[in-house]
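Notes to accompany the following structure.
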There are 2 protein chains.
Amino acid sequence: MNQRLPVSGAQGDLLRLVATGRAESRADLARLSGLAASSVSLRVEELISLGLLGEEGSGASRGGRRPRRLRLSPSAGVLAVADLGAHHARLGLLDLSGAPLVVEERPCEIARGPEATLDLLSDAFDELLAVHVPDDVPLRGVGTGIPGPVDPATSRVVTPSRMPGWNGFPVAEHLGLRYDLPILVENDANLMAAGEARHWPGCDNLMVLKAGTGIGCGVIVNGHLHRGRGAAGDISHVRVRSDSSVLCACGHPDCLEAYASGAALMSALADAGITVARPADIVSLVDDAIPEATSLVRGAGRRIGEVLTVLVNFFNPDVIAVGGSLSAAEPLITSIRAAVYERCLPLATRDLEIAPARAGRDAALLGAGALLLEAALV
Amino acid sequence: MNQRLPVSGAQGDLLRLVATGRAESRADLARLSGLAASSVSLRVEELISLGLLGEEGSGASRGGRRPRRLRLSPSAGVLAVADLGAHHARLGLLDLSGAPLVVEERPCEIARGPEATLDLLSDAFDELLAVHVPDDVPLRGVGTGIPGPVDPATSRVVTPSRMPGWNGFPVAEHLGLRYDLPILVENDANLMAAGEARHWPGCDNLMVLKAGTGIGCGVIVNGHLHRGRGAAGDISHVRVRSDSSVLCACGHPDCLEAYASGAALMSALADAGITVARPADIVSLVDDAIPEATSLVRGAGRRIGEVLTVLVNFFNPDVIAVGGSLSAAEPLITSIRAAVYERCLPLATRDLEIAPARAGRDAALLGAGALLLEAALV
DNA sequence: CGCTTCATCTTCGATTTCGAAGGAAGTGGA
DNA sequence: TCCACTTCCTTCGAAATCGAAGATGAAGCG
């Protein structure tokens, strides 16, 4: 049941507005699309008779007649999305409004190479589809996040670290052999940013920091993901000020990652005689008020904050959302805030919000859905 | 002769495409606007009969019939644009394709306050119009650059340094009292970036560095000026790594401006017993191979490059254009390049060009024209 | 309760845009 | 030179879109 959406032009725009939750009624659509109300009515009627859109009760009055609420029909289709990590993949199915139908996590060694990994992924998708989706509901798109840089022009992985065999691999092309559908391949931090963006209505410029084993960052400019040449947002190898000198795996001294990533904190804790298995365990240590852990997290936050200082002055975002497994540690955000507010221009921090991410663990999957809906589905 | 352009919707789009030089023929317009060729012909015919557009000879064949070249009629109108500096204003008139008709520089103390300065500006505009523009050619828009932050939402100056009396002043509103026309007010580095952008066709993401008395920076994302909350691109108060510690006028230690601005270099030269009047004089010293000057400029370039490192990783621009009076010093760009290429991710520098600005001394004026044409003129 | 006001949505004729077809004007190869 | 082919531009009927007017349903108010 693979099938491209049979919509084009104006119809597609309207469908997208409903799918992304920006519009709920014909009147909303008229306001947002710029089309005349009459044209909207016509197109909506067509979309309903195509079975893509449905009417469902009525919305809240804004002082006059209540709008008839429009929703994507559940049978309009589903999206299959995944977020590949080093040792496991998070994957699931979304409906066409981008809401998750089912999400699960499977072990998956990315080091086994692209073919094996992607085939495992496709098989998992097929399983989920067979179990959770009726036969007459078509798959409309496939998207996946990759823990490394993706060239936006070619959808190929470029110079990834810790992903042997993936360099230059045409991921989208390979998935396209199995699915004749819109395919999205994107860096995982970028997907997370796209997912987070939907939770900050009215904020067009945001940075999403992913503090986990590594440090990732995605950038939304003007409501759209900024890709640059494929590495945009990569701040992990920025040089930080420091008294000592630590050599990073990349060959340069004093990279942010070597001081403030979950991996760096874990190894520093080990030096202090405290062994933890995952970055998330550091959060528990902080919650238990273990001084070594708290001090380390605070130092990491300060270092991250110092780097963000430059970026806040330069980019002036509305929001910096901090996610990833380390973000649950209270002192992290606090010390990031302190560093940024102390050193940045008042004009840049005037209305700047530095807050925990809102999209939760499935942010990357939701982001993949959002990008598929916005960009890929015509 | 003030008059808003009598165009709307599709007509305006087409006019803009011709004005900005992106389209030269009906066929170009059809390709770029997305309209059908037949619709383009209709609208163009209207624009010609309105006297806004004219046909002028024919262009180069692309293998078939030669296109009839379209140009904005010289009588379609003019724009009045200015770039305010601390002690003088550069101002001029542009035709509707953004090309300068006349440019001049006048002494103008910005410290005399907004009313006096803006009235002087308007008087200068009126003079130029009277001398250089026939009575039947209307003024279509007015734009000016300000050497300080401008809130994009309100077009007010916010927390400027060295501009007493300007804080919170509604510049656009004030000019609007005298001209019932589209008014543009923008930070000077931003205008320079907008002007530079036109000289880098195909490059959608660029940073323009202005190295003069101060250090300014404008950012073009996706072909459009990025404003953020009004301070975007302001990197002059970013903290740099250094052994010593210098206190900047802003109250923080070790700002980039305190080490690498023309003002900082001049004061360092003075300490070495070499007195110069303007940053441009430093360039002559470098050309004469005065070791102190060369070494200072090289150090400034390295420091600027180190800051750019962070921004290149984060933003992944296609081009960094270096302008301003110091940019003529060869070692500046060389050492910026060295710092950036040494430390940035290969993916980010793969196709990155770091080059002297191309738009010349009138960059800001051209930028004002470009922004007026793109944004203000409907 | 009836009245006014408001926002939503539809109807219908006027306008704009499209797209297929074709004429005009050029290039390049046999 | 002729002829095939390309690109540019226009013509004209078909289709999409608009906008004014009105119908619909709900909230607010005396």
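Fair warning: this is a prediction, and the values are worked out from it, not measured in the lab. Just so it is clear: chains get the letters A, B, ... in the order the sequence lines come, proteins before strands, and each one is counted from 1.
- Summarising the geometry, the separation between CG on A:Leu29 and C1' on C:dT8 is reported as 12 Å, rounded to the nearest angstrom.
- With sequence neighbours excluded, the residues that form a side-chain contact (heavy atoms from CB on, under 4.5 Å) with B:His199 are B:Arg358, B:Ala359, B:Leu366.
- Every residue meeting the side chain to side chain donor-acceptor pair (under 3.5 Å) condition with B:Glu186, not counting sequence neighbours, appears here in chain and number order: B:Asn190, B:Arg227.
- Using a 4.0 Å cut-off on heavy atoms, the residues of residues 47-64 of chain B that approach DNA chain C are B:Ser61, B:Gly63, B:Gly64, listed by number.
- No salt bridge links A:Glu374 with A:Arg198; every basic N to acidic carboxylate O contact stays at or beyond 4.0 Å.
- At D:dT10, one or more side-chain N or O atoms of B:Arg26 fall inside 4.0 Å of OP1 or OP2 (strictly under the cut-off).
- Salt bridge annotation for B:Asp151-B:Arg229: absent, with no cationic side-chain nitrogen under 4.0 angstrom from a carboxylate oxygen.
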Using a 4.0 Å cut-off on protein heavy atoms (strictly under), produce a 5'-to-3' string for nucleotides 12-24 of chain D with B for base contact, S for backbone-only sugar-phosphate contact, and - for none.
----SSBB----B
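- For A:Glu24, the side-chain contact (heavy atoms from CB on, under 4.5 Å) criterion is met by A:Asp28, A:Arg69, not counting sequence neighbours.
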Please determine whether side-chain contact (heavy atoms from CB on, under 4.5 Å) holds for the pair A:Leu29 and A:Leu70, giving the CA-CA distance in whole Å, both sets of side-chain angles, and the decisive distance to 0.1 Å.
CA-CA 10 Å; A:Leu29 286 171; A:Leu70 299 172; 3.8 Å; yes
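- For C:dA7, neither phosphate oxygen OP1 nor OP2 lies less than 4.0 angstrom from any side-chain nitrogen or oxygen of A:Arg31.
- For A:Glu173, the side chain to side chain donor-acceptor pair (under 3.5 Å) test picks out no residue, with sequence neighbours left out.
- Between B:Val150 and B:Val185, the shortest heavy-atom contact is CG1-O, 3.7 Å.
- Remark: P of D:dT7 and CZ of B:Arg68 are 18 Å apart, rounded to the nearest angstrom.
- For the pair A:Asp28 CG and C:dA7 P, the interatomic distance rounds to 13 Å; values are reported in whole Å.
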